[in-house]
Amino acid sequence: MPCAPHAVRAVADTNTVVSGLLWTGAPRALLTAARAGKLSLYTSATLLDELSEVLMRAKFTKRVAASNMSVERLVRRYAQFAQLAIPASIDPVILADPDDDQVIACAIAAHADLIISGDRHLRDIESHQGIRIVSAGEALRLITQ
């Protein structure tokens, strides 16, 4: 009897999570897949804090209001289906944007298969310690194959 394939383990960068929470498209489809158990998303306390800070920016005020949820509720909702990983400190990887190292540290701690990001600094390195760095669209294609 064949084994069921394991759910892809992934860490979504904050930009991907914000897009998925506030707009439709591939990032939203990824969050939906994670809620349905077709994708295992991981996050960390640092990444959840960053998500909250980003969602509070003035440029997102109208989108957050249109969601009929507070920033706190959006973050809590995401945290309900993203599993918490506790990343260890890592040596700097992304010198141009050290915050991106938090995503990498989380992915290492979660034994992730993928980092999902639209961030150029992350995407430019393509992979780190065997963890592929892909766009939301590419991640969606990988989990629906």
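Keep in mind that the numbers below use all heavy atoms, side chains included, and drop hydrogens, waters and symmetry copies.
In this structure Asn15 satisfies the side chain to side chain donor-acceptor pair (under 3.5 Å) test together with Asp13, sequence neighbours excluded. Take Glu53 and apply the side chain to side chain donor-acceptor pair (under 3.5 Å) test, not counting sequence neighbours, and it matches no residue. Under the side chain to side chain donor-acceptor pair (under 3.5 Å) criterion, Thr14 pairs with Glu50, not counting sequence neighbours. Every residue two or more places apart in sequence or in another chain was checked for a salt bridge (charged side-chain N to carboxylate O under 4.0 Å, His left out) with Glu72, and none qualifies. Judged as a side-chain contact (heavy atoms from CB on, under 4.5 Å), and not counting sequence neighbours, the contacts of Ser19 are Pro27. With sequence neighbours excluded, the residues satisfying salt bridge (charged side-chain N to carboxylate O under 4.0 Å, His left out) with Asp124 are Arg120. Under the side-chain contact (heavy atoms from CB on, under 4.5 Å) criterion, Ser52 pairs with Met56, Val71, Val75, not counting sequence neighbours.
By the neighbour-count criterion of 12 heavy atoms within 6.0 Å, atom CZ of Arg123 is densely surrounded, having more than that number from other residues, nucleotides or ligands.
In this structure, Ala85 and Ala110 approach most closely via the heavy-atom pair CB-CB, 4.2 Å. Across all non-hydrogen atoms, the minimal contact from Phe60 to Val54 is CD1-O, 3.1 Å. Among all heavy-atom pairs drawn from Thr16 and Ser117, the shortest one is OG1-CA, 3.5 Å.
In this structure the side chain of Arg132 reaches within 4.5 angstrom of the side chain of Leu142, judged on heavy atoms. Between Leu51 and Leu74 there is no side-chain heavy-atom pair separated by less than 4.5 Å.
Once rounded to the nearest 0.5 Å, the distance linking OG of Ser44 with CD1 of Ile86 reads 9.5 Å.
Screening residues 82-103 for side-chain hydrogen bond (donor to acceptor under 3.5 Å, both in side chains) gives no qualifying pairs among residues at least two apart or on separate chains. Counting only residues at least two apart or on different chains, no side-chain hydrogen bond (donor to acceptor under 3.5 Å, both in side chains) pair has a member in residues 56-65. Under the ring pair (Phe, Tyr, Trp, His ring centres under 6.0 Å) criterion, the residue pairs touching residues 78-133 are Tyr78-Phe81, with sequence neighbours excluded.
Applying the 4.5 Å side-chain rule to ILVMFWY residues, one finds Val11, Tyr42, Leu47, Ile90, Val93, Val103, Ile104, Ile108, Ile115, Leu122, Ile125, Ile131, Ile133 in the same cluster as Ile94.
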Could you list the donor-acceptor pairs under 3.5 angstrom formed by side chains in residues 28-38, with sequence neighbours left out?
unit_1, atom_1, unit_2, atom_2, d
Arg28, NE, Gly20, O, 2.7
Arg28, NE, Trp23, O, 3.2
Arg28, NH2, Leu21, O, 3.3
Arg28, NH2, Trp23, O, 3.2
Thr32, OG1, Arg28, O, 3.0

